[in-house]
There are 2 protein chains.
Amino acid sequence: MQSPGLLITISAMPSHLDLNSRSVQDYLKALYKLQQQDAPVSTNVLAERLQVAPASATAMMKKLAEAGLVEHIPYQGCRLTDSGRQQALKMVRRHRIIEQFLQQVLHYGLDEVDEEAEVLEHAVSDKLIERMWQVLGQPSHDPHGSPIPDHQGRFPEQSARPLCSFSPDQPLRIVRLKERSPAQLRYLHQLGIEPGAVVRLVDKAPFNGPIILHTPNGQHPIAWELAEAILAEPDTP
Amino acid sequence: MQSPGLLITISAMPSHLDLNSRSVQDYLKALYKLQQQDAPVSTNVLAERLQVAPASATAMMKKLAEAGLVEHIPYQGCRLTDSGRQQALKMVRRHRIIEQFLQQVLHYGLDEVDEEAEVLEHAVSDKLIERMWQVLGQPSHDPHGSPIPDHQGRFPEQSARPLCSFSPDQPLRIVRLKERSPAQLRYLHQLGIEPGAVVRLVDKAPFNGPIILHTPNGQHPIAWELAEAILAEPDTP
DNA sequence: ATTAAAATTTAGTCCAGTCTAAAAATTAGT
DNA sequence: ACTAATTTTTAGACTGGACTAAATTTTAAT
Ligand SMILES: [Mn+2]
Ligand SMILES: [Mn+2]
Ligand SMILES: [Mn+2]
Ligand SMILES: [Mn+2]
């Protein structure tokens with residue numbers, strides 16, 4: 001028995017995602033940072049990073065997938081498509097240029113720039129970003145030493161290695177502090193450890209134990225885990 | 001006949017309005033600008049200014065009234081309370097400091113600053129605003145010559161008057177260009193009319209007709225209406 | 001191989017802020 | 001003073017982005 005004459009079509013089609021919303025931009029950036037090699041990023045890890053409920057991340061992944069920005073394999077996680085990575089890199093560029101500007105021009109500390117940039121990156125125009133970059137003299141790195149991708153998403157050469165991978169006595173120049181909390185950055189600053197500083201590895205305990213580092217203002221033990229996030233290069237040039 | 005035992009209380013109480021949303025901030029700022037003397041601002045005028053439907057403005061007014069930021073007399077319009085004006089002035093300060101910063105530090109043109117500031121004003125922290133103000137040398141005016149209110153909402157002294165209120169031949173210094181569109185600002189710039197420029201009123205047609213103005217780059221007729229928005233003062237000091 | 005635990009998705013709500021269409025109040029025209 | 005035009009408010013709906021609780025799938029442990 002067919003009810004005649006009434007056809008209701010529910011079209012959940014368009015939903016044409018606003019690429020420029022703060023949320024979308026932050027999800028893409030987070031995905032980019034969590035995505036090591038080719039392993040897909042777990043929805044929960046993503047949710048944790050962005051401080052939202054797992055269900056919220058899942059919902060967003062469905063939208064981003066529909067927009068062709070991520071590939072979502074249900075129950076397995078997701079990875080950025082080329083187009084998604086492009087967007088993400090654009091945000092990374094913005095973030096890092098803003099950080100550099102805050103430090104150089106407005107005298108922000110290393111531990112303060114990230115919070116402000118996290119908001120500003122969504123509000124500034126392309127024009128403003130490029131003006132900042134010009135005024136700064138076209139920098140290739142942010143104040144933490146992280147490289148700034150160019151418009152094609154290419155990074156400058158990086159030859160630096162983690163502190164803990166060097167052998168003692170060689171003079172080293174700190175090049176980059178990776179993704180540390182403001183409190184950790186303040187601690188490192190106080191120890192004389194920041195990009196550009198010249199230091200020397202004094203000793204290295206076995207079995208990934210702490211290392212002893214000679215810095216411009218003293219000699220300090222550093223946990224292996226932390227030393228992995230401090231990138232340096234030989235101070236020859 | 002009373003249905004027994006079931007009492008449903010619908011409490012539409014809290015709805016504790018987020019003071020820091022972009023919308024709220026823009027509504028307050030718009031109200032402030034539209035509010036001349038003590039006449040309440042019409043909902044429709046407000047809606048027009050913010051490019052939203054009248055119904056949207058009404059809805060927002062109800063919330064702002066509930067939050068004590070405006071006084072809303074239904075069908076008559078609304079005016080800011082002291083608390084609302086305070087918020088609005090804070091936004092005016094932000095907007096103008098940002099404009100000055102964009103012009104001075106990032107070499108924006110007079111016609112470009114407003115659009116960018118309109119977005120940034122909602123994204124920058126108090127700290128960043130004050131840093132900009134310091135780096136700029138604590139300016140008292142924005143690039144259009146509009147005064148920057150201080151933290152208590154007080155404005156610097158203003159003795160300037162509209163161009164059309166002066167009598168011919170006196171040398172005048174342009175002090176401020178009020179609320180003009182980017183296109184008008186470009187036009188004025190091209191005529192040599194911008195804050196700081198020294199000009200001379202050559203002639204004034206009767207009945208609020210156009211005025212003739214001698215500027216650093218020529219002699220130009222200016223509509224009365226436009227001349228009202230150009231503030232100047234005698235060029236004696 | 002079952003079962004228990006953990007991760008993930010679905011279903012159903014909520015809230016801010018907008019919209020359109022209809023109703024109500026105000027203002028203007030005669 | 002009445003009607004007509006205009007302004008303003010109400011009613012109802014929608015969207016983006018979040019949430020909680022429940023269902024489902026995957027993974028880990030026996
Ligand atoms: Mn962000
Ligand atoms: Mn950084
Ligand atoms: Mn604004
Ligand atoms: Mn201005």
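Throughout, a chain's letter reflects where its sequence line sits, starting with A, and its residues are numbered from 1.
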Where does the angle between the aromatic ring planes of B/Tyr32 and B/Phe155 fall among parallel (under 30°), tilted (30 to 60°) and perpendicular (over 60°)?
parallel

Spacing of B/Gln76 atom CD relative to D/dT6 atom C1', expressed in whole Å
14 Å

Cation-pi check for B/Trp133 against B/Arg96: NZ or CZ below 6.0 Å from the six-membered ring centre and within 45 degrees of the axis, yes or no?
no

How many whole angstroms separate atom CZ of A/Arg22 from atom C1' of D/dG17?
13 Å

Rounded interatomic separation in angstrom, taking OH from B/Tyr75 and C1' from D/dT9:
4 Å

Whole-Å distance between C/dT18 P and B/Met61 CE?
10 Å

Exactly one candidate in A/Lys29, A/Arg93, A/Gln25, A/Arg94 meets side chain to side chain donor-acceptor pair (under 3.5 Å) with A/Glu121; the answer is A/Lys29

Of all of residues 23-32 of chain A, which get a heavy atom below 4.0 angstrom from DNA chain D, listed by number?
A/Ser23, A/Tyr27

Grab the CD1-P distance between B/Ile73 and C/dT26 for me, whole Å please.
12 Å

Just to be sure I understand the geometry, which residues of residues 36-46 of chain B put a non-hydrogen atom under 4.0 Å away from DNA chain D?
B/Ser42, B/Thr43, B/Asn44

Nearest to the side chain of B/Ser56, which nucleotide is it out of D/dT26, D/dT8, C/dT18?
C/dT18

Under 6.0 Å from the NZ atom of B/Lys127, do we count more than 12 heavy atoms belonging to anything else shown?
yes

Whole angstrom value for the distance that separates P of C/dT10 from NE2 of A/His72:
8 Å

Indicate yes or no: does B/Glu112 engage B/Arg186 in a salt bridge with an N to O separation below 4.0 Å.
no

Check the distance between D/dC19's P and A/Glu48's CD and give it to me in whole angstrom.
12 Å

Which one, C/dT18, D/dC19, C/dT26, comes nearest to the side chain of B/Met60?
C/dT18

For the side chain of B/Lys63, starting at C-beta, report the closest nucleotide among C/dG17, C/dT20, C/dT18.
C/dG17

So which heavy atom on B/Gly145 is nearest to which on B/Gln158, and how close?
O-OE1, 4.5 Å

A/Thr43 side chain to A/Gly77 main-chain N or O, any donor-acceptor pair under 3.5 Å?
no

Return the value, rounded to whole Å, for the distance between atom CG of A/Leu64 and atom P of C/dT9.
13 Å

Residues B/Lys33 and B/Glu179 bridged, charged N to O under 4.0 Å
yes

Hey, is B/Arg180 close enough to B/Glu225 for a salt bridge, meaning N to O under 4.0 Å?
yes

